[in-house]
Protein chains: 2
Amino acid sequence: MGVIRKTKSVEALLNEFNQGQEAISAKQLIEQLDSKFNKTTIYRVLDRLEEDGVLHSFLGKDGLKWYAKCNGCSASKHKDVHPHFQCLKCGKVDCLSINMPIPHIPNRKVEVSQILIQGLCEQCFV
Amino acid sequence: MGVIRKTKSVEALLNEFNQGQEAISAKQLIEQLDSKFNKTTIYRVLDRLEEDGVLHSFLGKDGLKWYAKCNGCSASKHKDVHPHFQCLKCGKVDCLSINMPIPHIPNRKVEVSQILIQGLCEQCFV
DNA sequence: AATATAATGCAACTAAGTTGCGATAACAAA
DNA sequence: TTTGTTATCGCAACTTAGTTGCATTATATT
């Protein structure tokens, strides 16, 4: 079932993410690749890449969906549980490779946690 | 400027939040009060209550906007920086009164942080 | 080359949230 | 109480990120 095919859109998107380590929003990818691919295609390829553990996704401060490369994820399990950082000046979003332990909460079961930190990135924090 | 008026919609919304400590999504409030108020009104009243430091808002796991009562906020400063919890079974969302220190990140300035923890709430975690 | 089916493009749709504007209602001052 | 100012409301139309259905095309397998 569902072997991912090496199509032009897949290549193009992977290429975008291989330009750097930054996260890229679906919106930005659609604008960027507008002349080459339909937005539906882009959404679907992103879905597939996420399912396959190539990318992971999260929501930025405005509720937009962002994607970034995975490190150590597989199709069966996304191990990437790290904070994301969104720069309030330049808008850049990336993954932070720091460990943020989620405290145990009495009488509840913690399954996932999303942490979005906002502030000034290295370039903007002079 | 801008003294908030005690209108019926303001009263109705405050009343909803005084039913308990849970967070309520804008969507839910609109559905709930649909017969009494226009959705535009509800969005605007929520905005005003947030500006006045009565409510604070955050995004849930699907990017929907949620509101909850503030504790110790003022119009000038929202002091409420705490994690929020969304139950994956019953959907309930609330504020956690635990302190989560944001680690210092080298060469960046941290200004805000949003933490959303998902799992099972007290009622659903049997 | 033939086949099966994954992937694409297009158009139409969904849903949360926003905007403009004329009408209405709070509230303070007379 | 009445009046005047202006905050607030309701409505309709809009915006925008993301989704869906379906006919067509491309990929990979035999």
Side-chain angles (χ1 to χ4, degrees), chain A residues 1-17 23-68 75 84 86 91 93 114 116, chain B residues 1-17 23-68 75 84 86 91 93 114 116:
Chain A
M1 45 160 70
V3 181
I4 194 165
R5 292 186 180 175
K6 275 277 163 52
T7 61
K8 285 174 186 171
S9 56
V10 169
E11 270 181 59
L13 281 179
L14 287 180
N15 182 53
E16 292 294 326
F17 285 98
I24 317 178
S25 66
K27 185 190 176 189
Q28 188 184 328
L29 288 166
I30 288 166
E31 287 167 358
Q32 219 156 301
L33 301 171
D34 182 49
S35 60
K36 295 185 183 164
F37 305 102
N38 188 277
K39 68 172 178 172
T40 310
T41 300
I42 293 176
Y43 280 119
R44 290 198 272 226
V45 173
L46 289 171
D47 278 352
R48 260 181 278 147
L49 291 174
E50 183 173 19
E51 267 175 38
D52 274 32
V54 180
L55 301 177
H56 65 282
S57 73
F58 54 94
L59 301 181
K61 73 182 178 72
D62 302 311
L64 290 197
K65 205 162 185 182
W66 290 76
Y67 289 85
H84 293 102
Q86 184 158 25
V93 174
Q114 295 171 22
L116 180 67
Chain B
M1 47 163 67
V3 181
I4 194 166
R5 291 185 179 175
K6 275 277 164 51
T7 61
K8 285 174 186 172
S9 57
V10 169
E11 269 182 60
L13 283 179
L14 287 180
N15 182 54
E16 292 294 326
F17 285 99
I24 317 179
S25 67
K27 184 190 177 191
Q28 189 184 328
L29 287 166
I30 288 165
E31 288 168 357
Q32 219 156 303
L33 300 172
D34 182 49
S35 60
K36 294 184 183 164
F37 305 102
N38 188 276
K39 67 172 178 173
T40 311
T41 300
I42 293 176
Y43 281 119
R44 291 198 272 226
V45 171
L46 289 171
D47 278 353
R48 261 181 277 147
L49 291 174
E50 183 172 20
E51 267 175 36
D52 274 32
V54 179
L55 301 178
H56 65 282
S57 73
F58 54 93
L59 301 180
K61 72 181 177 73
D62 302 311
L64 290 197
K65 206 163 185 183
W66 290 76
Y67 288 85
H84 294 103
Q86 184 158 24
V93 174
Q114 294 172 22
L116 181 67

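Below, each value reflects all heavy atoms present in this structure, side chains not excepted, and no hydrogens, waters or symmetry copies. First the proteins, then the strands, lettered A, B, ... as listed; each starts at 1.
For the pair A/Gly63 and A/Arg44, both in contact range of DNA chain D, the more 5′-proximal nearest nucleotide belongs to A/Gly63.
Rounded to a whole Å, the CG atom of A/Leu33 is 11 Å from the P atom of C/dG9. As rounded to whole Å, 14 Å separates atom C1' of C/dC10 from atom CD1 of A/Ile42. Computed from coordinates, the A/Leu59 CG to C/dA16 P distance equals 15 Å when rounded to whole Å. Rounded to a whole Å, the CG atom of B/Asp47 is 12 Å from the P atom of D/dT8. When rounded to the nearest whole Å, the span between CG of B/Asn38 and P of D/dA12 equals 9 Å. Counting to the nearest Å, the C1' atom of C/dA16 and the CD atom of B/Gln28 are 15 Å from each other. D/dG10 atom C1' lies 12 Å from atom CZ of B/Phe37, rounded to whole Å. Taking atom CD1 on B/Ile4 and atom P on C/dC27, their separation rounds to 11 Å, with Å as the unit.
Residue A/Lys39 places a side-chain atom within donor-acceptor reach of the base of D/dG18, judged by atom type and a 3.5 Å distance cut-off alone. Below the 3.5 angstrom threshold, one finds a donor paired with an acceptor across the side chain of B/Thr40 and the base of C/dT19.
Within the nucleic acid shown, A/Lys8 has no heavy atom closer than 4.0 Å to any nucleic acid atom. Contact annotation for A/Leu64: backbone-only contact, meaning every heavy-atom pair under 4.0 Å involves sugar-phosphate atoms and none involves a base. Using a 4.0 Å heavy-atom cutoff across all strands shown, A/Lys6 reaches sugar-phosphate atoms only and no base atom.
In this model, the phosphate group of D/dA26 is not approached by any side-chain N or O of A/Thr7 to a distance below 4.0 Å at OP1 or OP2. Distances shown here put every side-chain N or O of B/Arg5 at or beyond 4.0 Å from the OP1 or OP2 atom of C/dA28. At least one side-chain nitrogen or oxygen of B/Tyr43 sits closer than 4.0 Å to the OP1 or OP2 atom of C/dG17. At C/dA7, none of the side-chain N or O atoms of A/Thr41 fall inside 4.0 Å of OP1 or OP2 (strictly under the cut-off).
Side-chain atoms of B/Asn38 come within 3.5 Å of backbone N or O of B/Thr40 as a donor-acceptor pair. Although no hydrogens or angles enter the test, the distance criterion places a donor-acceptor pair under 3.5 Å between the side chain of A/Glu50 and the main chain of A/Ser57.
Under the 30°/60° scheme for interplanar angles, the aromatic rings of B/Tyr67 and B/Phe17 are found to stand perpendicular.
B/Leu116 has its side chain out of reach of B/Leu59: every pair of non-hydrogen atoms, C-beta onward, lies at least 4.5 Å apart.
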Worksheet item: Between B/Ile30 and B/Lys27, is a side chain to side chain contact (heavy atoms under 4.5 Å, CB included) present by the stated rule, with each step listed?
Response: CA-CA 5 Å; B/Ile30 288 165; B/Lys27 184 190 177 191; 5.8 Å; no

